[in-house]
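Worksheet for the structure shown next.
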Amino acid sequence: MNYNIKRSVSLYSYQEEYYLGKLDLEGCIREAAKAGATGIELLAEQMMPNFPYVTPEFKEQWFGWMDKYGTEPTCYDAFLENKIYDNRTLTLREQVRMMERDIKIAGELGFKTLRTLCSTPMDVIKGSLDCAAKEDVKICIEVHSPFSLNSGWADGYMDMILGTGTKHFGFMPDFGIFCKKIPDVLTAKALRQGASPECVKIVNDAFANRVEKGFTKIKYDTNLGRAHGEYVKANGMPELMEAIEKAGGNAADMNYARASFNYTWCDPQDIIDNIQYIYHTHAKCYNTNAEYEETSIPLKEVIAAYKKAGYTGYLSTEYEGNSLLNDAFEVDSIEQVRRHQEAMRRAIED
Amino acid sequence: MNYNIKRSVSLYSYQEEYYLGKLDLEGCIREAAKAGATGIELLAEQMMPNFPYVTPEFKEQWFGWMDKYGTEPTCYDAFLENKIYDNRTLTLREQVRMMERDIKIAGELGFKTLRTLCSTPMDVIKGSLDCAAKEDVKICIEVHSPFSLNSGWADGYMDMILGTGTKHFGFMPDFGIFCKKIPDVLTAKALRQGASPECVKIVNDAFANRVEKGFTKIKYDTNLGRAHGEYVKANGMPELMEAIEKAGGNAADMNYARASFNYTWCDPQDIIDNIQYIYHTHAKCYNTNAEYEETSIPLKEVIAAYKKAGYTGYLSTEYEGNSLLNDAFEVDSIEQVRRHQEAMRRAIED
Amino acid sequence: MFARNMFKPDGFRNTYADGQAVGFQFDCKVQYYRGITLSIVRDIKVEVDGVEYPRENIRFSIKGETFTLDEMRTVIDHELRWEFGKWATVIVLKEGGLEQGKHHIKSTQIIAPSYMPHILEHAGDYDFEIA
Amino acid sequence: MFARNMFKPDGFRNTYADGQAVGFQFDCKVQYYRGITLSIVRDIKVEVDGVEYPRENIRFSIKGETFTLDEMRTVIDHELRWEFGKWATVIVLKEGGLEQGKHHIKSTQIIAPSYMPHILEHAGDYDFEIA
Ligand SMILES: [Mn+2]
Ligand SMILES: [Mn+2]
């Protein structure tokens with residue numbers, strides 16, 4: 001059976017090759033297209049020359065590349081630099097102006113969605129909705145681990161959507177919320193840095209236990225630090241740290257234990273429940289093996305929920321394994337993206 | 001005989017009434033026209049709403065007023081806020097961008113000249129010449145007392161004009177360089193503040209002596225503080241301060257003595273010598289009496305030089321007496337401007 | 001500059017938050033001959049009945065935004081210029097506010113236009129009453 | 001982030017002014033996954049052969065402009081972004097520069113993206129030679 005789920009690549013995936021000068025922007029687009037994607041997601045602050053100005057030359061190049069490689073723009077990843085000065089947070093109107101700047105760039109380059117971070121104040125989102133409507137760009141808050149749908153946190157946004165009736169704000173899950181295992185490349189890195197197999201086992205078992213009994217979800221709180229503190233506590237971080245200490249864990253063990261709380265397992269049913277408000281998806285991946293399996297995220301199970309929900313948006317590969325390898329190895333993002341796109345293709349078309 | 005010297009009013013002249021809410025921008029333009037001026041000079045940072053943005057509404061109003069009152073824009077007075085942050089001076093490109101911003105506003109509002117301050121770095125002027133040419137706005141450095149034409153300071157700019165061949169940079173004298181006497185309103189204020197008639201006489205005599213034997217001119221030096229320090233020393237400030245001290249002068253006496261160095265007498269021949277590069281003029285005034293005489297500046301003598309030189313630009317009334325009165329009296333800028341315009345008319349048409 | 005007219009006669013009052021007087025406030029105009037970018041305000045000093053309040057207690061409020069003097073150092077937003085002849089509000093944090101009755105204020109604006117060799121200090125005095 | 005590739009191999013040299021070695025310099029890339037506005041750089045630390053240089057001696061040079069770390073706090077100019085994957089030059093003032101021969105550097109970039117709960121610290125090491 002065929003589903004109208006489309007595949008995109010976030011060029012974030014190629015950051016290692018871009019940083020090293022092995023791929024330029026066109027090269028990234030070309031590789032994404034070669035991997036089978038028809039959508040391109042961009043971090044303008046990462047790869048767009050002259051950011052935040054879209055020069056006529058760049059615009060022409062951009063749409064030229066879209067034509068040449070048979071792709072279309074999907075999501076524009078924004079960063080709201082609202083503490084750009086060290087002595088204050090920008091005022092609401094300064095923040096809204098910055099948000100609108102990004103929405104306009106997104107609109108000008110043909111993006112249909114704009115990723116905003118969970119640190120974006122609600123009033124900034126509300127203040128930008130008119131601009132988003134005018135540019136026909138949907139602002140999507142990234143549901144990034146440890147945040148989740150069907151949570152007190154998500155309710156805060158759902159209230160706003162229902163209260164304003166906006167069609168230009170919604171969610172974009174990041175597959176980091178569907179980790180059934182800690183990425184094996186993270187474990188390998190921890191061991192390289194001196195973590196002990198004993199402590200690693202304690203951390204992995206605790207993670208499996210959280211997956212088994214379900215994570216306690218994060219609350220909506222404008223104080224994100226506080227929300228996060230309560231979240232890790234409720235999910236057993238203090239007990240785990242204590243266990244590591246008892247086992248004589250070193251700094252690498254501690255780091256690994258702490259890092260394990262960056263990964264979450266949510267019920268894919270969350271996607272089905274919220275599908276009406278999901279306009280884009282970061283198909284985060286850390287390591288896809290030669291058998292086309294993402295080693296921490298059960299792609300088939302997650303994508304089955306998207307299929308069941310009738311999702312017609314993009315799943316956008318966001319490869320983030322490079323920083324878990326590049327202390328010791330060469331990174332091959334091109335191959336990782338290729339494998340992940342193939343894995344998604346199989347899961348969608350299966 | 002008739003001369004093609006035109007009369008303008010800088011709306012700076014009405015600052016007291018504007019500050020107090022007695023005149024709005026249209027009121028200032030109306031009063032200038034009533035005083036007989038056909039040119040309007042503006043400090044956008046003083047009276048233009050939404051500075052530095054020219055809204056379509058404002059632009060329409062602006063040209064509407066010009067039509068209604070039979071006036072045309074003459075000079076845009078710019079301020080280069082190149083130390084807008086307290087931790088650094090703006091970079092050259094930031095400064096050029098700010099200068100170009102002002103040149104574009106000037107161009108959009110129909111001004112033919114732009115006043116820049118003597119603190120503007122030469123490289124910023126040079127970097128803005130293309131923009132000035134494009135907007136057909138002549139950047140004019142204000143020759144403000146104690147600076148003067150035919151001086152080491154002016155030579156610095158003349159070298160640039162000749163070196164670049166630019167037609168979009170020149171000078172605009174401010175009549176504060178043609179003070180034969182210290183403004184009587186300054187003297188009166190000093191006395192109000194407790195200066196003694198004896199010390200006032202010492203200061204006035206010293207000034208008359210400087211006028212008599214001629215001022216030592218200021219040098220070109222990118223360090224303006226140093227140039228100014230050398231200038232006041234060469235013109236006898238240390239000796240004057242010593243004399244005041246000997247005479248038992250108080251703080252008000254000292255202030256009056258120091259302030260006397262803000263006024264200069266230059267030979268009006270300077271205008272004739274440099275007329276090719278003079279595109280606008282601040283007809284500074286402090287007090288014009290009921291007999292239409294500016295009490296410190298010999299208007300007829302100065303304007304005679306402009307006539308002899310064949311000047312075809314504007315003489316723009318810049319009334320600055322308000323701050324010498326408003327500690328104790330109501331200010332009537334409208335009447336002061338009216339008198340000064342009439343005094344200039346007589347001097348021109350005489 | 002315009003010391004005789006820098007204060008708004010009916011702008012003096014105590015400042016309330018959640019029904020509590022947390023300070024007092026007044027409206028004033030910039031003591032310069034043009035509007036300014038807030039970042040060039042170096043200091044605003046307030047002395048009432050001979051008592052000078054510390055810099056940390058001063059808040060500056062304009063067009064709906066309120067800043068500490070330290071925060072103002074980087075406020076270059078064109079929408080928040082202190083326009084020539086327009087009122088801005090200075091709030092002074094002081095538990096309980098000022099007592100009812102007559103008071104005398106002296107406030108000094110310290111401003112640094114880029115092209116001035118010296119920083120500008122302009123003070124003004126005023127007698128006011130807290131109702 | 002990219003510690004193994006943060007230094008430009010042939011960027012190490014002494015810095016000369018008027019024929020005098022006034023310090024040394026190296027080129028490095030931003031240790032983050034996107035380009036940044038200079039104002040969010042909180043610190044750049046440099047340690048050579050175990051000697052750490054004071055913050056006041058550090059200069060950051062990009063696209064023809066050179067700043068102290070304190071000046072950088074307000075540099076939000078879009079033309080001066082430290083773009084992802086592009087070199088910037090760090091200059092360390094040190095009379096006479098470094099001696100000819102082999103040296104070891106450790107440099108730490110301290111950067112504060114607005115949305116991060118913690119300030120980011122990323123260090124990298126490198127062996128280099130002054131010719
Ligand atoms: Mn993501
Ligand atoms: Mn003038």
Side-chain angles (χ1 to χ4, degrees), chain B residues 10-25 42-53 77-87 89-90 94-95 98 101 116-121 142 144 223-229 320 322-323 325-331, chain C residues 1-11 27-43 55 63 67-88 109-126:
Chain B
S10 171
L11 304 188
Y12 175 91
S13 305
Y14 300 115
Q15 62 178 276
E16 185 86 12
E17 284 80 357
Y18 188 93
Y19 176 91
L20 295 174
K22 292 179 183 173
L23 283 181
D24 58 12
L25 176 51
L42 179 72
L43 281 66
E45 299 202 36
Q46 187 179 53
M47 299 191 183
M48 186 176 87
N50 302 109
F51 177 86
Y53 290 93
D77 290 57
F79 298 86
L80 189 79
E81 201 79 271
N82 60 7
K83 291 177 187 158
I84 199 163
Y85 295 114
D86 66 356
N87 65 331
T89 299
L90 293 186
E94 285 173 321
Q95 293 188 62
M98 188 178 275
R101 173 199 75 186
T116 201
L117 294 161
C118 62
S119 55
T120 308
E142 183 168 1
H144 191 287
N223 184 333
L224 288 179
R226 183 169 54 198
H228 188 256
E320 203 173 62
N322 71 309
S323 63
L325 297 174
N326 71 4
D327 58 312
F329 303 107
E330 290 290 294
V331 171
Chain C
M1 295 292 292
F2 305 95
R4 291 207 301 163
N5 295 288
M6 74 178 269
F7 298 103
K8 188 177 187 179
D10 59 354
D27 292 352
C28 59
K29 292 181 181 178
V30 63
Q31 296 306 290
Y32 198 43
Y33 63 76
R34 62 171 176 93
I36 60 166
T37 303
L38 296 191
S39 63
I40 72 163
V41 175
R42 290 284 173 274
D43 212 350
R55 177 179 163 91
K63 299 172 192 178
F67 301 100
T68 65
L69 292 170
D70 186 59
E71 287 171 342
M72 267 165 81
R73 294 187 298 108
T74 58
V75 180
I76 60 163
D77 186 357
H78 62 90
E79 287 187 24
L80 296 177
R81 283 174 70 87
W82 192 359
E83 292 173 271
F84 180 62
K86 300 288 171 64
W87 301 113
Q109 295 176 10
I110 301 178
I111 291 166
S114 303
Y115 39 85
M116 300 299 287
H118 307 291
I119 284 179
L120 304 179
E121 284 205 37
H122 287 290
D125 281 81
Y126 203 76

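Chain letters run A, B, ... following the sequence lines, proteins first and then strands; every chain starts at 1.
- Using a 4.5 Å cut-off between heavy atoms, B:Ala328 touches chain C through its backbone atoms (N, CA, C, O) alone.
- The OG atom of C:Ser114 sits 7.0 Å away from atom CE of B:Met98, with the distance rounded to the nearest 0.5 Å.
- One finds the OG1 atom of C:Thr37 at 7.5 Å from the CZ atom of B:Phe51 (value rounded to the nearest 0.5 Å).
- For the set B:Met47, B:Glu16, B:Glu81, B:Lys83, the count of heavy-atom pairs under 4.5 angstrom toward chain C peaks at B:Glu81.
- Annotation for B:Leu80 and C:Tyr115: closest pair O-CD2, 4.3 Å, computed over non-hydrogen atoms.
- For chain C, the nearby part of B:Asn322 is the side chain; its heavy atoms alone come within less than 4.5 Å.
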C:Phe2 and B:Leu20: CA distance, side-chain angles, deciding distance, side chain to side chain contact (heavy atoms under 4.5 Å, CB included) verdict: CA-CA 9 Å; C:Phe2 305 95; B:Leu20 295 174; over 6 Å; no

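- A cation-pi arrangement is found for C:Arg34 relative to B:Phe79, the charged atom lying closer than 6.0 Å to the ring centre and inside a 45° cone about the ring normal.
- Each of C:Met1, C:Arg73, C:Arg81 has some count of heavy-atom pairs under 4.5 Å with chain B, and the biggest count is that of C:Arg81.
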Check against side chain to side chain contact (heavy atoms under 4.5 Å, CB included), C:Met6 and B:Tyr19: CA-CA 10 Å; C:Met6 74 178 269; B:Tyr19 176 91; 3.8 Å; yes

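- Contact count versus chain B (heavy atoms, under 4.5 Å) is highest, among C:Glu79, C:Glu83, C:Lys86, C:Arg4, for C:Arg4.
- Residue B:Ile84 touches chain C through both its backbone and its side chain, counting heavy-atom pairs closer than 4.5 Å.
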Stepwise side chain to side chain contact (heavy atoms under 4.5 Å, CB included) check, C:Tyr33 with B:Leu43: CA-CA 10 Å; C:Tyr33 63 76; B:Leu43 281 66; 3.8 Å; yes

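- Heavy-atom pairs under 4.5 Å with chain B peak, among C:Met116, C:His78, C:Arg42, at C:His78.
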